Amino acid sequence: MESTNNIISRRHFLRGDFSNKTAQMFPPWSLSGNDFINACTRCNECINACPEKIIIIGEGGYPVINFDHSGCSFCQECVTACNEGALSINNTEQLPWNLTANISTECISLHGVTCRSCSDSCDEEAISFRLQVGGSSQPEINEKSCTGCGYCVVTCPVNAIKISENIAHEEYDYEHY
Ligand code: SF4
Ligand code: SF4
Ligand code: SF4
């Protein structure tokens with residue numbers, strides 16, 4: 001029987017709930033669920049290959065995305081570098097991940113300060129602003145356009161943007177973790 005300590009939901013993994021650290025996300029085009037955990041040998045090849053330097057060593061030595069300094073250009077260099085198939089693209093329609101940006105109430109635009117840094121950095125034009133009563137503007141994410149690339153995260157002066165998954169996922173088995 002599996003130990004409960006070895007089972008961490010993907011949602012918890014994304015939130016980093018099991019360690020109360022920063023949210024963690026696997027690299028783009030990672031296998032889903034336990035398949036990624038089982039396939040990834042923690043060789044760090046994807047980390048070395050990423051030109052944006054956004055892949056770091058996360059919990060258990062698994063590669064995770066960090067948007068502190070840059071975003072994902074979806075160059076696929078990490079996928080090419082992964083010899084284990086833990087990152088793989090099976091068809092051209094396959095999305096890199098199910099991540100989108102979310103903006104919290106910390107956003108200074110909501111509090112009367114003019115700021116458009118996030119929308120200026122978004123090549124997908126996925127962020128628009130809606131004028132509120134009183135003159136403030138509320139940023140809104142178009143989830144259909146947002147790729148979860150994270151470039152807006154880097155530019156936000158008050159760290160109001162988080163990238164997160166928008167669908168529920170199964171649980172990972174951390175038996176060998
Ligand atoms: S797709 Fe490119 S930029 Fe994105 S994580 Fe992989 S190597 Fe880095
Ligand atoms: S994550 Fe990327 S696509 Fe989405 S809003 Fe931010 S910059 Fe635009
Ligand atoms: S960059 Fe940050 S503070 Fe500025 S409008 Fe966007 S979410 Fe708000």
Side-chain angles (χ1 to χ4, degrees), residues 13-14 22-32 36 39-58 61-132 134-167:
F13 188 86
L14 286 162
T22 316
Q24 299 191 79
M25 300 152 280
F26 294 137
W29 293 285
S30 58
L31 297 180
S32 61
F36 176 77
C40 176
T41 60
R42 294 169 275 188
C43 66
N44 295 344
E45 291 297 333
C46 57
I47 294 174
N48 297 332
C50 179
E52 301 288 341
K53 303 298 177 198
I54 62 168
I55 310 178
I56 64 171
I57 297 174
Y62 292 100
V64 296
I65 295 295
N66 179 295
F67 290 124
D68 284 354
H69 306 293
S70 190
C72 181
S73 64
F74 302 111
C75 67
Q76 303 182 5
E77 293 292 332
C78 52
V79 179
T80 303
C82 181
N83 293 319
E84 308 300 330
L87 309 179
S88 64
I89 300 174
N90 298 318
N91 63 72
T92 53
E93 302 293 310
Q94 187 180 339
L95 296 174
W97 48 30
N98 290 313
L99 301 176
T100 53
N102 295 283
I103 300 178
S104 76
T105 54
E106 299 296 310
C107 167
I108 55 178
S109 185
L110 288 170
H111 305 287
V113 179
T114 301
C115 179
R116 296 291 185 274
S117 296
C118 52
S119 59
D120 289 347
S121 67
C122 181
D123 288 344
E124 305 298 329
E125 299 183 349
I127 304 176
S128 57
F129 286 83
R130 188 154 49 92
L131 194 61
Q132 303 291 291
S136 63
S137 291
Q138 179 170 9
E140 294 179 331
I141 304 288
N142 181 336
E143 291 191 0
K144 288 185 177 170
S145 303
C146 176
T147 61
C149 69
Y151 285 110
C152 56
V153 174
V154 184
T155 60
C156 179
V158 291
N159 201 25
I161 307 176
K162 303 290 181 217
I163 303 294
S164 58
E165 196 164 27
N166 53 12
I167 58 172

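Source: prediction; values computed, not measured. Order of appearance sets the numbers: ligands from 1, and atoms from 1 within every ligand. Residues: numbered from 1 along the sequence shown.
- Between Phe36 and Tyr62, the two ring planes are tilted [angle within 30° to 60°].
- With values rounded to the nearest 0.5 angstrom, Glu165 atom CD is found 11.5 Å from Asn102 atom CG.
- When each atom of ligand 3 is checked for a heavy atom of Phe129 under 4.0 Å away, the hits are 5 (S).
- Closest heavy-atom contact between Ser119 and Ile127: CB-O, 3.7 Å.
- Contact of the Ser70 side chain with the Tyr151 side chain is registered, since non-hydrogen atoms from C-beta on lie closer than 4.5 Å.
- Counting all heavy atoms, side chain and backbone alike, Ser88 lies closest to Leu31 at OG-CD2, 3.6 Å.
- Shown in contact with Pro51 at under 4.0 Å from a heavy atom are these atoms of ligand 1, numbered in order with element: 7 (S).
- With a heavy-atom cut-off of 4.0 Å, Ser119 does not touch ligand 3 at all.
- Atom 4 (Fe) of ligand 2 has Cys146 SG as its protein N, O or S neighbours under 2.8 Å.
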Let me see the working for Glu52 and Cys75 under side chain to side chain contact (heavy atoms under 4.5 Å, CB included), right down to the final yes or no. CA-CA 10 Å; Glu52 301 288 341; Cys75 67; over 6 Å; no
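- In Val79, neither the side chain nor the backbone holds a heavy atom less than 4.0 Å from any atom of ligand 1.
- When all heavy atoms are compared, the tightest approach of Ala101 to Ile141 is O-CG1, 3.5 Å.
- Among all non-hydrogen protein atoms, the one lying nearest atom 7 (S) of ligand 1 is Cys78 N, 3.3 Å.
- Scanning all heavy atoms of the two residues, the minimum distance from Val79 to Leu87 falls at CG1-O, 3.6 Å.
- The part of Pro28 lying near ligand 1 is the side chain, judged by heavy-atom distances below 4.0 Å.
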Test Ile55 against Cys78 for side chain to side chain contact (heavy atoms under 4.5 Å, CB included), laying out the working first. CA-CA 9 Å; Ile55 310 178; Cys78 52; 3.8 Å; yes
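- Looking at Trp97, its side chain does come within 3.5 Å of a backbone N or O of Thr147 through a donor-acceptor pair.
- Counting atoms of ligand 3 from 1 in the listed order, those under 4.0 Å from a heavy atom of Ile161 are 7 (S).
- Between the side chain of Gln132 and the backbone N or O of Arg130, at least one donor-acceptor pair lies under 3.5 Å.
- When heavy-atom distances to ligand 3 are checked against a 4.0 Å cut-off, Val158 comes that close only through its side chain, counted from C-beta outward.
- A donor-acceptor pair under 3.5 Å is formed between the side chain of Ser109 and the backbone N or O of Ser137.
- In terms of heavy-atom proximity, Ile108 sits nearest to Val158 at CG2-CG1, 3.7 Å.
- Nearest protein heavy-atom contact of atom 6 (Fe) of ligand 3 is Cys118 SG, 2.3 Å.
- Here the protein heavy atom with the shortest distance to atom 4 (Fe) of ligand 1 is Cys72 SG, 2.3 Å.
- Close to ligand 3: Ile103, with a non-hydrogen atom less than 4.0 angstrom away.
- Atoms of ligand 1 found under 4.0 Å from any heavy atom of Phe74, numbered from 1 in the order shown, are 1 (S), 4 (Fe).
- Proximity of Ala49 to ligand 1 is not established, as no heavy-atom distance is less than 4.0 Å.
- Taking atom 8 (Fe) of ligand 1 as the reference point, the nearest protein heavy-atom neighbour is Cys50 SG, 2.3 Å.
- Residue Ile55 approaches ligand 1 through these ligand atoms, each under 4.0 Å from one of its heavy atoms: 5 (S).
- The contact set between ligand 1 and Ser73, taken as ligand atoms under 4.0 Å from a residue heavy atom, comprises 3 (S).
- For ligand 1, the atoms sitting less than 4.0 Å from at least one non-hydrogen atom of Glu52 are 3 (S), numbered in the order shown with element in parentheses.
- Checking Cys115 against atom 2 (Fe) of ligand 3, every N/O/S atom stays at or beyond the 2.8 Å cut-off.
- How far CD of Glu143 is from OG1 of Thr100: 4.5 Å, rounded to the nearest 0.5 Å.
- Protein heavy atom at the shortest distance from atom 2 (Fe) of ligand 1 is Cys75 SG, 2.3 Å.
- Counting all heavy atoms, side chain and backbone alike, Cys118 lies closest to Phe129 at SG-CZ, 4.0 Å.
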